[in-house]
Amino acid sequence: MWYPVMLKMRDKRCLVAGGGPVAERKTAGLLDAGADVSVVGPRLTVKLREWAASGAIRAAERSVEASDLDGAEFVFAATDRPEVNRWIAAEAGARGIPVNLADDGENGDFLTPAVVRRGDLVLAVSASGAGPALSARIAKELGDRYGPEYAHVLNVLRALRKEIKANVSDPRERKRLLGAAVCDEAIERWLRIARGEEEADSAGLLRILERIANGIGNG
């Protein structure tokens with residue numbers, strides 16, 4: 001059984017072993033999370049070379065060596081050679097470094113799910129190593145359902161939460177309002193604001209929410 005968790009990866013030193021498309025995808029996700037990434041592989045993709053040239057990552061175009069794991073906090077074994085990935089996993093295990101095996105996730109220390117990002121909204125899907133293609137399919141469906149505008153919805157919810165904490169002292173009323181803020185009617189209203197169909201400052205958002213919440217209570 002796996003325990004789902006969101007990790008704060010900013011400035012965490014991560015080694016990605018491999019230089020192909022899988023290593024590129026792993027690296028892209030780590031960069032999105034603000035990690036400190038080193039990539040080592042005999043042949044690097046064009047994108048990995050571009051990231052290295054821009055200083056976004058450190059990279060070495062050669063076979064991975066045991067010393068590459070020095071100082072790493074997380075290791076991603078993403079080469080196209082299963083025996084090399086197993087060797088990397090053994091090296092990481094001997095050092096107590098969590099390792100992800102791209103080609104054999106169930107035998108690693110952690111899995112990387114298929115991810116959809118909409119600003120601070122993060123949707124992660126995992127089939128626990130049994131069917132990565134299914135995870136990718138479901139993630140695509142979620143991405144279609146929750147479009148880029150949901151990043152703005154989260155901005156609205158954050159502003160509302162701040163306004164409620166500042167102006168509503170009763171814990172029960174806070175809970176009622178925060179619950180109402182994600183009902184269907186409220187989400188549709190926040191989407192309209194996200195699309196620019198109407199405007200509202202933080203105080204105006206709270207007034208809108210109060211009307212919606214009171215309508216729920218009277219329904």
Side-chain angles (χ1 to χ4, degrees), residues 1-12 14 24-35 37 56 74 100 105 110-219:
M1 297 295 290
W2 298 89
Y3 183 79
V5 64
M6 297 279 285
L7 295 174
K8 184 181 290 185
M9 296 295 286
R10 180 164 298 281
D11 297 328
K12 296 293 184 183
C14 299
E24 181 182 310
R25 288 197 298 272
K26 299 286 187 183
T27 300
L30 290 168
L31 290 176
D32 284 343
V37 186
F74 294 89
N100 168 260
F110 64 96
L111 298 169
T112 53
V115 173
V116 177
R117 292 183 182 272
R118 298 291 182 253
D120 288 338
L121 177 63
V122 181
L123 307 174
V125 183
S126 174
S128 299
L134 177 61
S135 301
R137 174 180 173 174
I138 294 173
K140 182 182 184 306
E141 292 172 357
L142 288 171
D144 293 339
R145 170 66 179 82
Y146 298 98
E149 65 273 15
Y150 273 83
H152 300 290
V153 170
L154 259 68
N155 292 335
V156 170
L157 292 175
R158 181 175 289 104
L160 271 171
R161 188 177 184 85
K162 183 177 180 180
E163 195 73 12
I164 290 169
K165 289 177 70 175
N167 295 285
V168 180
S169 58
D170 184 348
R172 289 175 297 181
E173 180 63 6
R174 284 185 180 181
K175 183 177 180 179
R176 186 179 79 94
L177 289 172
L178 290 171
V182 294
C183 73
D184 289 347
E185 181 183 353
I187 292 295
E188 182 54 39
R189 195 69 178 270
W190 312 147
L191 286 169
R192 287 172 57 188
I193 292 172
R195 291 191 292 261
E197 296 171 7
E198 64 177 284
E199 296 182 2
D201 57 16
S202 295
L205 290 172
L206 182 54
R207 288 193 294 271
I208 292 170
L209 177 58
E210 287 171 337
R211 289 196 294 271
I212 292 172
N214 291 336
I216 293 172
N218 295 327

Heavy-atom distance under 4.5 Å between the side chains of [X] and [Y], does that happen here?
X    : Y    : value
L177 : E210 : yes
L111 : S126 : yes
R195 : H152 : no
Y150 : I187 : yes
L7   : F74  : yes
S202 : K162 : no

How long is the straight-line distance from [atom2] of [Y] back to [atom1] of [X], given to the nearest 0.5 Å?
X    : Y    : atom1 : atom2 : value
L121 : L142 : CG    : CG    : 9.5 Å
D32  : T27  : CG    : OG1   : 11.0 Å
L209 : C183 : CG    : SG    : 8.0 Å
E199 : L205 : CD    : CG    : 11.0 Å
I164 : R176 : CD1   : CZ    : 10.0 Å
I212 : E185 : CD1   : CD    : 4.5 Å

message = Taking A114's backbone N and O only, do any of them form a donor-acceptor pair with S135's side chain (distance below 3.5 Å, no angle check)?
response = no

What pair of heavy atoms forms the shortest contact from [X] to [Y], and how long is it?
X    : Y    : result
L157 : W190 : CD2-NE1, 3.9 Å
A200 : I208 : CB-CD1, 4.1 Å
A181 : A186 : O-CB, 3.4 Å

inquiry  = Between E197 and I193, does the side-chain contact (heavy atoms from CB on, under 4.5 Å) criterion hold? Intermediate values first, please.
reply    = CA-CA 6 Å; E197 296 171 7; I193 292 172; over 6 Å; no

message = Tell me if the CG atom of D201 is crowded by more than 12 foreign heavy atoms within 6.0 Å.
response = yes

task = Please test L123 against V115 for side-chain contact (heavy atoms from CB on, under 4.5 Å), starting from the C-alpha separation and ending with a verdict.
result = CA-CA 6 Å; L123 307 174; V115 173; over 6 Å; no

inquiry  = Please determine whether side-chain contact (heavy atoms from CB on, under 4.5 Å) holds for the pair V116 and Y146, giving the CA-CA distance in whole Å, both sets of side-chain angles, and the decisive distance to 0.1 Å.
reply    = CA-CA 9 Å; V116 177; Y146 298 98; over 6 Å; no

task = Indicate whether the side chain of T112 and that of K26 have a donor and an acceptor atom separated by less than 3.5 Å.
result = yes

Output yes when [X] and [Y] qualify as a salt bridge under the 4.0 Å nitrogen-oxygen rule, no when they do not.
X    : Y    : result
D170 : R174 : no
R137 : E141 : yes
E173 : K165 : no
E149 : R118 : no

